[in-house]
Amino acid sequence: SIVQSLLAKCAAYNLLPIDKRKLDDVEKRTATLFDKLNNGEVSAAVFERLLQMCQALGAGDSRTAYDLHVAITTSDWADNGGWLMGMKRLIEMTQKLGVTL
């Protein structure tokens, strides 16, 4: 997946301890997302925005990815807050490191 590929690319960097902890947290939170996806617990509307967010992130368009993240956060935080925090950190980390697919 795009998320797993970006995580692997970020992990390849010699990260500062704080960034390593953030990346570990992102991995845990995105595992929750994958569980929700596998169990059909993500609404179609959220899935569509998530797909667009991942495509933007993979292309290095962190602005669009962040805007889509905010849209999901605004409308569907209650059911998705855990993994949304992980995606926000992934957006920040890929932007900081200049990681794309």
Side-chain angles (χ1 to χ4, degrees):
S1 79
I2 292 171
V3 172
Q4 291 167 323
S5 297
L6 290 170
L7 282 168
K9 285 189 170 199
C10 289
Y13 281 80
N14 186 15
L15 299 172
L16 295 171
I18 190 162
D19 289 331
K20 176 69 175 124
R21 284 192 300 275
K22 284 181 184 177
L23 190 62
D24 290 344
D25 184 64
V26 170
E27 289 175 351
K28 289 176 194 162
R29 290 176 183 270
T30 55
T32 302
L33 167 61
F34 294 132
D35 287 343
K36 282 182 161 280
L37 289 169
N38 289 333
N39 294 326
E41 298 172 4
V42 175
S43 72
V46 170
F47 179 78
E48 184 61 33
R49 287 185 184 145
L50 174 62
L51 181 60
Q52 292 169 357
M53 179 177 23
C54 289
Q55 290 168 337
L57 200 52
D61 185 357
S62 55
R63 179 77 252 162
T64 298
Y66 184 74
D67 288 346
L68 288 159
H69 177 272
V70 168
I72 298 170
T73 299
T74 302
S75 62
D76 294 277
W77 176 261
D79 296 328
N80 303 292
W83 65 261
L84 280 166
M85 180 53 85
M87 289 301 294
K88 180 180 179 190
R89 289 185 178 147
L90 182 59
I91 293 167
E92 292 167 348
M93 189 162 294
T94 57
Q95 185 177 24
K96 177 180 177 180
L97 299 174
V99 171
T100 61
L101 292 181

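We're numbering straight along the sequence, starting at 1.
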Salt bridge flag under 4.0 Å for residues R29 and D25
yes

Show your reasoning for whether side-chain contact (heavy atoms from CB on, under 4.5 Å) applies to F34 and Q4.
CA-CA 10 Å; F34 294 132; Q4 291 167 323; 3.9 Å; yes

May I ask you to decide if P17's main-chain N or O and K22's side chain share a donor-acceptor pair within less than 3.5 Å?
no

Are more than 12 heavy atoms from other residues, nucleotides or ligands located less than 6.0 Å from atom NZ of K88?
no

Straight-line distance of L50 CG to I2 CD1, nearest 0.5 Å
9.5 Å

Can you name the closest pair of heavy atoms from R49 and A71 and give their distance?
NH1-O, 3.6 Å

To the nearest 0.5 Å, atom CZ of R89 lies from atom CG of D24 at 11.5 Å

Apply side-chain contact (heavy atoms from CB on, under 4.5 Å) to the pair I72 and W77, showing each step before the final yes or no.
CA-CA 7 Å; I72 298 170; W77 176 261; over 6 Å; no

Do the charged groups of K96 and D19 touch, with an N to O distance under 4.0 Å?
yes

I would like to know whether L33 and N80 meet side-chain contact (heavy atoms from CB on, under 4.5 Å); could you show each step before the answer?
CA-CA 8 Å; L33 167 61; N80 303 292; over 6 Å; no

What I want to find out is whether R63 reaches D67 closely enough, with some N-O distance under 4.0 Å, to be called a salt bridge.
yes

Counting only heavy atoms from other residues, nucleotides and ligands, does the tally under 6.0 Å from OH of Y13 exceed 12?
yes

Can you name the one residue among T30, V99, V26, L97 that meets side chain to side chain contact (heavy atoms under 4.5 Å, CB included) with L6?
V99

Nearest-0.5 Å distance, CD of residue E27 to OG1 of residue T32:
12.0 Å

Quick check on the hydrophobic clustering: are I91 and M85 connected, directly or via other members, by side-chain heavy-atom contacts under 4.5 Å?
no

Donor-acceptor pairs under 3.5 Å, side chain of residues 51-61 to any protein atom, not counting sequence neighbours: which ones?
| residue | atom | partner | partner atom | Å |
| --- | --- | --- | --- | --- |
| Q52 | NE2 | E48 | OE2 | 3.4 |
| D61 | OD1 | T64 | N | 3.1 |
| D61 | OD1 | T64 | OG1 | 3.2 |
| D61 | OD2 | T64 | OG1 | 2.6 |

Validation row: T100, T94 side chains within 4.5 angstrom (heavy atoms)
no

